Amino acid sequence: MIIVLRQDASPREIADLESWLHDHGTVTTVIRGEERSVIAVIGAIHFSGKELESHSVVLEVLRISQPYKIASRESGFAPQVKIGNVLVGGPKFLVMAGPCAVESREILLETARRLSEMGVTVLRGGAFKPRTSPYSFQGLGEEGLKLLAEAREETGMLVVTEVMTADKVDLVARYADILQVGARNMQNFDLLKAVAEVDRPVILKRGLAATIDEWLMGAEYILGRNQKVILCERGIRTFETKTRNTLDLNAVPVLKELTHLPVIVDPSHGTGVRRYVLPMSLASMGAGADGLLIEVHPDPDHALSDGAQSLTFAELQRLLKALQSMAPVVGRELELSWRHPEIATSSASQKTQVVYQGEPGAFSETAALAFFGDVKPVGVPAFPNVFEKVASGESAYGVVPIENSLAGSINQNYDLLLEFDLSIVGEVKLRVSHNLLANRGVREKDIKKLYGHPQALAQCDRFLRLHPDWTVYQTYDTAGSVKMIKEQEASDAAAIASLQAAKIYDVDVLAEAIEDNPQNYTRFVVIAKEPRVHDRCDKTSVVFTTPNKPGALFAVLQLIANHEVNLVKLESRPIPGRPWEYMFYMDWEGNIESPNVSAVLGVLPECTETLKVLGCYPSA
Ligand code: PEP
Ligand code: MN
């Protein structure tokens with residue numbers, strides 16, 4: 001049983017309730033969270049819910065049918081664990097990588113530098129190694145921990161390392177940001193109790209022959225005192241011998257159903273074979289995992305442990321690229337440090353203010369979460385409000401859609417980019433899938449009215465043509481349409497929005513994925529007051545007007561071609577107040593400070609009337 005407490009409950013009131021529960025023969029654990037505090041009650045319950053609810057501190061009583069209480073999804077805990085500035089379990093997909101073991105200062109630092117350049121934010125490496133043979137390399141111990149700390153110091157990466165015994169927990173926690181409990185220790189209950197006592201996230205690997213229930217019971221040992229637990233599927237022992245273990249990817253969706261805890265996958269130990277790591281990593285992302293733990297080594301063939309399953313740097317780079325292109329398909333964003341360096345340095349206490357247009361559950365909100373991770377984006381009614389809030393400094397960033405792969409450009413935002421003096425500092429691509437939503441009990445044949453954002457309506461054109469009798473109303477936002485039918489308690493109306501919006505407003509999904517084509521992506525730009533150019537920015541956006549004379553645009557294109565700058569987007573917009581004259585938006589590949597792009601910008605004024613750089617940022 002989980003008792004949710006009033007958030008303003010005093011320690012005295014909680015202690016009173018606890019002693020009442022103890023008098024009734026139960027064991028209790030108080031979990032005080034930022035957003036909710038609860039008492040987890042274990043043992044036979046010999047009192048009624050009514051008796052319990054008569055205590056004024058009790059807000060709600062949740063009866064959990066699973067043997068694991070706090071790990072259970074029913075407990076209502078937030079499904080996210082914070083690692084640095086990243087919320088694991090949200091739209092971010094986190095890759096942790098590094099050598100199996102810390103072998104030497106040289107190898108570890110080289111690995112850390114290379115991974116950091118690639119954008120990996122968490123470095124792994126074992127200092128204490130659980131080896132099958134006592135004759136194998138056992139790890140450098142505390143010396144290894146010191147090297148990990150040095151690598152963190154130099155690169156700013158977070159470090160994760162294994163702790164094998166309860167008496168070493170404090171030592172390891174002194175050096176590491178994240179503790180790993182290895183497969184062989186999943187049921188070392190003394191160790192589980194010990195890691196519960198430190199303020200560090202814990203990666204709990206699945207035991208070599210553990211069932212999912214046993215694994216969750218292991219997590220339960222930690223969760224009473226430390227709620228930052230991440231589960232890691234790393235393969236189990238089966239009769240199959242072609243791979244080191246059998247990577248049980250079934251476990252990912254099963255766990256997602258049973259628990260709120262984030263789930264990551266270790267395809268290195270799961271396969272034991274380097275060339276299987278990429279396909280199984282992509283499969284993990286597809287299965288719904290929240291991240292990966294990957295072994296990498298500068299020279300895998302000479303690694304002191306697990307070389308056969310360790311990737312080279314080039315192989316990891318290829319894997320990151322593949323994950324980056326797959327991420328939008330599953331509605332996620334690969335966490336890469338260089339994509340938003342400003343976030344990596346902003347401290348948790350001064351949370352970054354991010355605005356988007358729409359209501360909670362809108363695709364723009366998902367994009368903001370995907371880009372920034374640990375923020376609470378604020379919705380505003382219209383696109384100009386996003387620009388106003390950023391221009392006035394009220395919000396640090398805004399996130400707005402700029403183009404959709406089916407319906408084309410969102411022209412209003414192109415115009416607003418010109419009107420306001422702001423800079424594009426990043427972009428996010430998201431797969432957009434639309435659904436027909438209606439209040440509970442409403443059936444498709446009851447529908448007479450349909451509410452949807454014009455973009456959503458355009459993307460579902462084929463589906464709508466099947467319902468010519470519906471009256472279609474354009475709205476300001478996808479999630480806002482759902483909010484509207486919900487508030488009106490409409491029994492003859494439906495809305496088009498995301499599954500996330502269906503969850504937030506608790507409505508029925510009458511038809512899923514009704515967009516014309518599943519290859520439906522929206523590109524969002526992140527805007528800020530100041531430009532933020534750094535060496536990983538590889539895309540530059542400009543807007544310009546040309547004189548109204550023959551060959552004017554051709555002259556511009558020729559300049560760009562002569563300087564070998566790759567044009568990746570060209571869009572024309574009417575100039576307000578000058579009928580039949582146009583301005584042009586362009587995206588180029590390349591950093592604004594690169595020789596080619598800066599040369600183009602140097603000569604472009606010769607053949608344009610006005611020219612404005614909208615931003616230089618890392619492409620999604
Ligand atoms: C490791 O990650 O280095 C390790 C020893 O993993 P596992 O506990 O999954 O075997
Ligand atoms: Mn290993």
Side-chain angles (χ1 to χ4, degrees), residues 94-103 107-108 111 115 120 122-134 136-141 144-145 147-148 158-165 168 172 176-188 191-192 195 201-210 212 214-215 218-219 222 229-238 243-249 251-252 263-274 276-277 280-281 284 289 291-312 316:
L94 185 64
V95 175
M96 314 186 200
C100 174
V102 179
E103 297 177 9
I107 292 178
L108 187 72
T111 308
L115 298 185
V120 175
V122 181
L123 176 69
R124 65 149 286 152
F128 296 97
K129 292 304 303 176
R131 303 305 301 279
T132 302
S133 161
S136 303
F137 175 59
Q138 302 288 309
L140 297 180
L145 296 176
L147 294 174
L148 286 166
L158 299 174
V159 302
V160 53
T161 194
E162 176 162 359
V163 55
M164 282 172 38
T165 54
K168 292 282 195 304
V172 177
D177 302 287
I178 306 155
L179 304 180
Q180 175 178 323
V181 173
R184 290 150 194 86
N185 271 321
M186 191 206 83
Q187 286 187 318
N188 178 343
L191 177 61
L192 300 181
V195 295
V202 177
I203 292 179
L204 180 64
K205 291 192 131 190
R206 182 180 186 173
L208 275 68
I212 289 174
E214 287 163 343
W215 189 9
I222 308 171
V229 175
I230 295 171
L231 301 169
C232 178
E233 164 61 42
R234 47 80 70 208
I236 48 176
R237 182 63 63 87
T238 68
T243 49
R244 179 176 174 181
N245 290 290
T246 296
L247 188 63
D248 178 17
L249 287 186
V252 178
V263 182
I264 63 168
V265 174
D266 171 353
S268 306
H269 292 88
T271 61
V273 183
R274 192 180 307 152
Y276 303 152
V277 170
M280 296 318 285
S281 296
S284 304
L292 293 168
L293 186 65
I294 308 261
E295 288 186 342
V296 188
H297 194 280
D299 181 9
D301 292 336
H302 295 97
L304 294 184
S305 63
D306 288 350
Q309 67 195 33
S310 298
L311 301 185
T312 62
L316 181 69

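Start at 1 and go down the list; that is how both ligands and their atoms are numbered. Predicted model, so just to flag it, every value in this text is computed and none were measured.
- Distances below 4.0 Å separate heavy atoms of Ala183 from the following atoms of ligand 1: 7 (P), 8 (O), 9 (O).
- Residue, atom and distance of the protein heavy atom nearest to atom 9 (O) of ligand 1 are Arg234 NE, 2.5 Å.
- Leu316 has its side chain within reach of Val120: a pair of non-hydrogen atoms, C-beta onward, lies under 4.5 Å apart.
- With respect to atom 1 (C) of ligand 1, the closest heavy atom belonging to the protein is His269 CE1, 3.2 Å.
- Here the heavy atom of the protein found nearest to atom 5 (C) of ligand 1 is Glu162 OE1, 3.7 Å.
- Atom CE of Met280 and atom CG of Leu292 lie 11.0 Å apart (nearest 0.5 Å).
- For the side chain to side chain donor-acceptor pair (under 3.5 Å) criterion with Arg206, the lone passing option out of Asp266, Asp248, Asn245 is Asp248.
- Partner of Cys100 under the side chain to side chain contact (heavy atoms under 4.5 Å, CB included) criterion, out of Gln309, His297, Lys129: Lys129 alone.
- Against a heavy-atom cut-off of under 4.0 Å, Lys129 is close to the following atoms of ligand 1: 1 (C), 3 (O), 5 (C).
- Counting non-hydrogen atoms of neighbouring residues, nucleotides and ligands closer than 6.0 angstrom, the CZ atom of Arg131 exceeds 12 such neighbours.
- For ligand 1, the atoms sitting less than 4.0 Å from at least one non-hydrogen atom of Glu295 are 3 (O), numbered in the order shown with element in parentheses.
- The Mn ion (ligand 2) lies at the vertex of an angle of 90° between the NE2 atom of His269 and the OE2 atom of Glu295 (rounded to 10°).
- The nearest protein atom to atom 6 (O) of ligand 1, hydrogens excluded, is given as Lys205 NZ, 2.8 Å; this is a heavy-atom distance.
- Taking a cut-off of under 4.0 Å to the non-hydrogen atoms of Gly182, the atoms of ligand 1 that pass are 8 (O).
- A salt bridge between Arg124 and Glu162 is absent, with no side-chain N of the basic residue lying under 4.0 Å from a carboxylate O of the acidic one.
- Looking only at side-chain heavy atoms (C-beta outward), Asn185 and Pro130 stay at 4.5 Å or farther from each other.
- Heavy-atom contacts of Arg184 reach the following atoms of ligand 1: 7 (P), 8 (O), 10 (O) (cutoff under 4.0 Å).
- Among the heteroatoms counted here (N, O or S) of Asp306, OD2 is the one nearest to the Mn ion (ligand 2).
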Point to revise | Asp306 vs Arg244, salt bridge (Lys or Arg N to Asp or Glu O under 4.0 Å): CA-CA, chis, key distance, verdict | key: CA-CA 11 Å; Asp306 288 350; Arg244 179 176 174 181; 3.0 Å; yes
